Amino acid sequence: MNIFEEALQKKSVFKNRDLVTPHYMPDKLPFRENQIKQMTNVLALALKGSKPDNIFIYGRTGTGKTVTTKFVLNQLNEFASKTNAKIVTTYINCRNHPTKYKVLLKCCSQYYPEHNFIGYSAGFVYEKVVSYVEKNECFAIIASDEIDTVKDLDDLIYALTRSNDEISKGGISIIGISNNVLFKDRLDARTKSSLCQQELVFPPYNAYELKEILKQRVELAFNENAVQESAINLAAAIAAKESGDARTAVMLLLRAGEIADQKGLSVVTDKEVEEARKKVEEEIILNMISTLPIQEQLVLLAITKLSLNKRGINKLTGMQEENVLYSGEVYEEYCRIARSLKENVVSARWYREYIHELETYGLIVTTASGAGQRGQTTFIKLGYEAQKIYSSLSKILQAENI
DNA sequence: CCTCCACAGGAAGCGCAGGAGT
DNA sequence: ACTCCTGCGCTTCCTGTGGAGG
């Protein structure tokens with residue numbers, strides 16, 4: 001028998017596996033009715049012929065910011081084309097378009113699909129965007145996901161806000177999406193007030209909500225009775241405890257289903273979810289680490305190596321503690337590693353910036369030294385199990401040929 | 001009490017790449 | 001095609017901090 005024929009004939013717990021991948025966009029968004037209503041109310045102004053306020057959306061990863069926004073924009077487009085309202089919506093992931101210029105360029109490529117504006121000056125592209133809106137007397141809604149990654153955000157917001165003065169009929173509105181709560185406070189006061197005319201918060205899902213979401217997905221994606229109720233509960237409980245993140249919850253189910261398939265089981269139980277949990281956690285860590293610059297990976301490597309090799313003894317109590325490291329010794333270890341790998345070694349000052357970065361990603365936890373310690377230092381601890389980080393790191397560094 | 005230690009983190013500046021202006 | 005400009009990653013230098021030790 002052909003090996004592919006064999007693979008196709010293999011029984012599966014999935015009815016439609018695509019529906020439990022993170023890319024799938026459900027047509028029902030439970031527990032986001034409020035946010036949808038608020039967004040709809042603001043954007044509906046465009047249908048009545050006046051410019052909607054700018055909206056700023058924030059919430060942690062996996063709280064449904066992106067899907068909800070896309071969903072509302074889809075509905076808006078659908079309705080607008082039915083009623084011949086002049087509305088253009090653009091969705092931009094700013095991680096891939098991290099400057100004012102690139103955001104505007106992306107808008108242009110949608111407004112003028114037959115033209116290619118790459119290489120034109122920033123001013124020209126801006127004019128093109130404004131004149132399109134002006135000429136068509138339409139309302140442009142620009143949704144900028146991960147807006148905190150835009151370098152010259154103040155300029156972008158200012159330019160788009162100001163453009164509304166030049167446009168007599170129609171207007172440009174911005175929907176900014178961010179998962180960084182602190183980001184809002186770092187903004188220039190003017191930018192902040194114009195971007196945050198309307199604010200929307202997406203709170204993390206609790207265990208009950210996650211359970212309902214998972215149930216809905218299970219019905220769509222899995223065969224009937226292929227997932228035990230308790231397995232769903234467990235997946236929801238794990239995700240709720242760790243982050244309230246719907247994406248990890250869905251990933252848990254997906255991996256659990258795959259594990260069941262591998263074992264040739266027809267039902268997904270708690271056991272598979274438990275196994276999937278390890279896998280998903282590793283995937284998350286691997287993902288996070290692989291996007292880090294090499295130097296930060298080396299700092300992290302220094303921390304993991306030390307935590308694996310060393311006892312951590314609290315000098316005050318003399319007790320065997322969890323692997324707590326001193327900032328100084330980590331720096332020394334990092335220098336050794338970097339030198340031995342023939343990578344350049346950054347200064348201690350910059351190393352401290354790296355430590356901050358790593359902390360914001362949750363990969364490490366730092367605490368200021370208190371009494372019992374000579375002088376001022378920072379204690380560093382890993383945010384995840386050292387062994388897991390170590391295995392991810394060695395995979396990545398190997399792939400990079402280091 | 002003063003001084004030293006072991007750092008934290010601000011300020012200034014430097015070399016570089018790539019984009020803008022001419 | 002050319003210079004000019006600007007942002008980025010980084011270094012150097014410096015001031016601040018709070019306990020330890022004399």
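Convention: sequence-line order gives letters A, B, ...; per-chain numbering from 1. The model shown is predicted, which means the values in this text are computed figures rather than measured ones.
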- Note on the structure: note: Ile355(A), atom CD1; dA6(B), atom C1'; distance rounded to Å ~ 15 Å
- At under 4.0 Å between heavy atoms, what does Val345(A) touch on the DNA or RNA strands: base, sugar-phosphate, or nothing? sugar-phosphate
- Quick one: salt bridge (Lys or Arg N to Asp or Glu O under 4.0 Å) pairs with a partner in residues 277-304 of chain A, sequence neighbours left out? Glu242(A)-Arg277(A), Arg255(A)-Glu283(A), Glu274(A)-Arg277(A), Glu281(A)-Lys388(A)
- Note on the structure: Axis-to-axis angle for the helix from dC1(B)-dG22(C) to dT22(B)-dA1(C), ends of five pairs each, to 10°, equals 20°
- Message: In this structure, how many angstroms lie between the P atom of dA6(B) and the CG atom of Leu325(A), rounded?
- Response: 17 Å
- Item | Interatomic distance where CH2 belongs to Trp350(A) and C1' belongs to dC13(C) [whole Å] | 15 Å
- Message: Rounded to whole Å, please give me the gap between CZ in Phe379(A) and P in dG18(C).
- Response: 16 Å
- Task: Identify, with sequence neighbours excluded, every residue that meets salt bridge (Lys or Arg N to Asp or Glu O under 4.0 Å) alongside Glu212(A).
- Result: Lys215(A)
- Trace of the side chain to side chain contact (heavy atoms under 4.5 Å, CB included) decision for Arg217(A) with Tyr24(A): CA-CA 10 Å; Arg217(A) 292 293 187 97; Tyr24(A) 170 65; 3.8 Å; yes
- How does each nucleotide of nucleotides 7-14 of chain B score, in 5' to 3' order, for protein heavy atoms under 4.0 Å: base (B), sugar-phosphate only (S), or none (-)? SBBB----
- Item | All side chain to side chain donor-acceptor pair (under 3.5 Å) counterparts of Asn344(A), not counting sequence neighbours | Gln295(A)
- Is the Tyr58(A) ring parallel, tilted or perpendicular to the Phe56(A) ring (thresholds 30°, 60°)? tilted
- side-chain contact (heavy atoms from CB on, under 4.5 Å) with Val88(A): which residues, sequence neighbours excluded? Gln110(A), Tyr111(A), Tyr132(A), Cys138(A)
- Query: Do Leu200(A) and Asn34(A) have side-chain heavy atoms sitting under 4.5 Å apart?
  - Reply: no
- Message: Pairing donors with acceptors under 3.5 angstrom, does anything connect the side chains of Thr269(A) and Gln228(A)?
- Response: no
